[in-house]
2 protein chains.
Amino acid sequence: MTAKSMTRAAFLVLTALADQPRHGYGILREVEELSDGEVQLRVGTLYGVLDRLTADGLIVLDREEVQQGRLRRYYRLTDEGVAALDAEAERMAAGAGAAKRRIAEGRRAGTPARPAADGPAGLELPTPPGLAGGYA
Amino acid sequence: MTAKSMTRAAFLVLTALADQPRHGYGILREVEELSDGEVQLRVGTLYGVLDRLTADGLIVLDREEVQQGRLRRYYRLTDEGVAALDAEAERMAAGAGAAKRRIAEGRRAGTPARPAADGPAGLELPTPPGLAGGYA
DNA sequence: CCATAATATATCGGCTGCCGATATATATCG
DNA sequence: CGATATATATCGGCAGCCGATATATTATGG
């Protein structure tokens, strides 16, 4: 049941839609604003993602409006979409935490990134079983 | 300056190497163990990633050993690799946090995810059936 | 008044990157 | 003796991201 991880672009779109329905161009702006300009979703990426997410039932077309002569096509998350986004966020947080923990472990065991060229080069003892760090 | 986000596979490899040098097959096992079997890095993915990370200077060949007739090629993170992993972990945590926050926001503003239709602002075309929901 | 930018949609070709399949070799276990 | 685990590596197919491009309307600035 553990759905496989979604793409980054899909994650960004779902995040942008998490608080309220938005139209394509609005999603683009929202993603950029949300990350303070650091992350940006490209126009060429957007529509393919929108189609895939719709096909997967994670988003649906909410409504269409004509604002000042321009068509706006609003999408919103389905319950499944919310669940998928939530699960992905969980996975990402777990992954980020695991990475941070292990970086700290590595620092403890030889700061200069050099595992201390001690013993005679050649055959080394098998690595001791590390204490589980756990992703989750 | 803001290095662009790395791929998921690259992130997994760097994480596996964060605490100590490991060889290819060991990375594979470590990734799986680390995520409790949920995430797994495929063999066909590994070597390409290893090459790319080496080319990018994020990892280096640490040493080679022959254990029981089998070659083991150990890789380790460079300082740059540690920094890149750390930055990526930060980005992921931020993204995960943003998603979580927004999901909560969406819940606050009308659980059924159905925004109310307004009158004057725009000409609406289709409005798919759904449960009525209060949203301003 | 016209050029440019912003808003808003969408498509397409190229390139990158992930994965399944496959190949090779040794050691161990039943 | 065959299956499994360890350990390396390559290749072709396919999915997905991105730059470029197209189209149309409105707002802004020179």
Side-chain angles (χ1 to χ4, degrees), chain A residues 3-14 16-17 21-33 35 37 39-56 58-59 61-75 88 123-124 126-127 129, chain B residues 3-14 16-17 21-33 37 39-56 58-59 61-75 88 121-126:
Chain A
K4 77 173 198 300
S5 207
M6 68 187 65
T7 66
R8 252 195 249 288
F11 175 77
L12 293 174
V13 169
L14 293 185
L17 292 177
R22 287 175 202 278
H23 62 282
Y25 193 78
I27 293 173
L28 253 27
R29 277 191 282 101
E30 185 65 16
V31 166
E32 190 156 8
E33 190 184 316
S35 68
V39 180
Q40 69 177 14
L41 185 63
R42 313 294 169 146
V43 196
T45 305
L46 179 66
Y47 296 97
V49 174
L50 248 22
D51 288 346
R52 247 176 293 133
L53 289 176
T54 299
D56 292 346
L58 302 188
I59 63 175
L61 181 59
D62 186 65
R63 66 189 191 277
E64 285 178 333
E65 287 178 14
V66 177
Q67 287 278 334
Q68 296 162 316
R70 297 188 195 93
L71 176 66
R72 285 182 174 178
R73 190 162 284 146
Y74 285 80
Y75 292 88
E88 181 69 11
L123 302 179
E124 298 195 8
T127 56
Chain B
K4 78 172 195 304
S5 206
M6 66 185 64
T7 66
R8 254 195 246 289
F11 175 77
L12 293 174
V13 170
L14 293 184
L17 293 177
R22 289 174 201 277
H23 62 282
Y25 194 78
I27 293 174
L28 253 26
R29 278 190 283 100
E30 185 65 14
V31 166
E32 191 156 6
E33 189 184 319
V39 180
Q40 69 177 16
L41 186 62
R42 313 293 170 147
V43 195
T45 306
L46 179 66
Y47 297 96
V49 173
L50 249 22
D51 289 344
R52 246 174 294 132
L53 289 176
T54 300
D56 291 348
L58 302 188
I59 64 175
L61 181 61
D62 185 65
R63 67 190 190 277
E64 284 177 336
E65 289 178 15
V66 177
Q67 287 278 332
Q68 297 161 314
R70 296 187 197 95
L71 176 66
R72 284 183 175 177
R73 192 163 283 145
Y74 285 80
Y75 292 88
E88 181 67 11
L123 299 176
E124 302 208 1
L125 303 168

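Not measured: the values here are computed from a predicted model. We name chains A, B, ... by the order of the sequence lines, and we start the count at 1 in each one.
- Rounded to whole angstrom, the span from the CG atom of A:Leu46 across to the P atom of D:dG19 amounts to 14 Å.
- For the pair A:Met6 CE and D:dA15 P, the interatomic distance rounds to 19 Å; values are reported in whole Å.
- Tested against A:Tyr75, the residues A:Leu14, A:Leu53, A:Leu61 include a single side-chain contact (heavy atoms from CB on, under 4.5 Å) partner, A:Leu61.
- When the P atom of C:dT7 is taken as reference, atom CD of A:Gln67 falls 14 Å away, rounded to whole Å.
- Phosphate proximity of C:dT7 to A:Arg70: absent, as no side-chain N or O sits under 4.0 Å from OP1 or OP2.
- Spacing between atom OH of A:Tyr25 and atom P of C:dA5 amounts to 13 Å, rounded to whole angstrom units.
- We find that CD of B:Glu65 is positioned 11 Å from P of D:dT8, with the value rounded to whole Å.
- Distance, B:Tyr74 OH to D:dT6 P: 13 Å, rounded to whole Å.
- Summarising the geometry, the separation between CZ on A:Arg22 and P on C:dA8 is reported as 12 Å, rounded to the nearest angstrom.
- The two atoms that bring A:Arg22 and A:Ala16 nearest to each other are NE-O, 2.8 Å, heavy atoms only.
- When the side chain to side chain donor-acceptor pair (under 3.5 Å) test is applied to A:Arg73, the partners found at least two apart in sequence or on another chain are A:Glu64.
- Residues A:Gly24 and A:Leu46 approach most closely at O-CD2, 3.5 Å, considering heavy atoms.
- The side chain to side chain donor-acceptor pair (under 3.5 Å) test applied to B:Arg70 returns no partner, not counting sequence neighbours.
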| task | Produce a footprint string for nucleotides 10-18 of chain C: one letter per nucleotide, 5' end first; B if the base is under 4.0 Å from any protein heavy atom, S if only the sugar-phosphate is, - if neither. | result | BBB----SS
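- Near DNA chain D, defined here as any heavy-atom distance below 4.0 Å, there are no residues from residues 26-33 of chain A.
- Between atom CD of residue B:Glu65 and atom CZ of residue B:Arg72 there is a gap of 7.0 Å, rounded to the nearest 0.5 Å.
- Between A:Leu41 and A:Gln68, it is A:Leu41 whose nearest contact on DNA chain D lies nearer the 5' terminus.
- In this structure, A:Val49 and A:Ala10 approach most closely via the heavy-atom pair CG1-CA, 3.8 Å.
- The nearest pair of heavy atoms linking A:Val31 to A:Leu12 is CG2-O, 3.8 Å.
- Annotated stems with DNA chain C as a participant read C:1-30 with D:1-30, given as range with range, by first number; only runs of 3 or more Watson-Crick or G-U pairs under 3.5 Å qualify.
- By the ring pair (Phe, Tyr, Trp, His ring centres under 6.0 Å) test, A:Tyr74 is found to be paired with A:His23, residues two or more places apart in sequence or in another chain being considered.
- One distance of note links OG1 of B:Thr45 with CG of B:Leu50; it measures 11.5 Å at 0.5 Å rounding.
- Taking CZ from B:Arg8 and CE from B:Met6, the interatomic distance works out to 12.5 Å, rounded to the nearest 0.5 Å.
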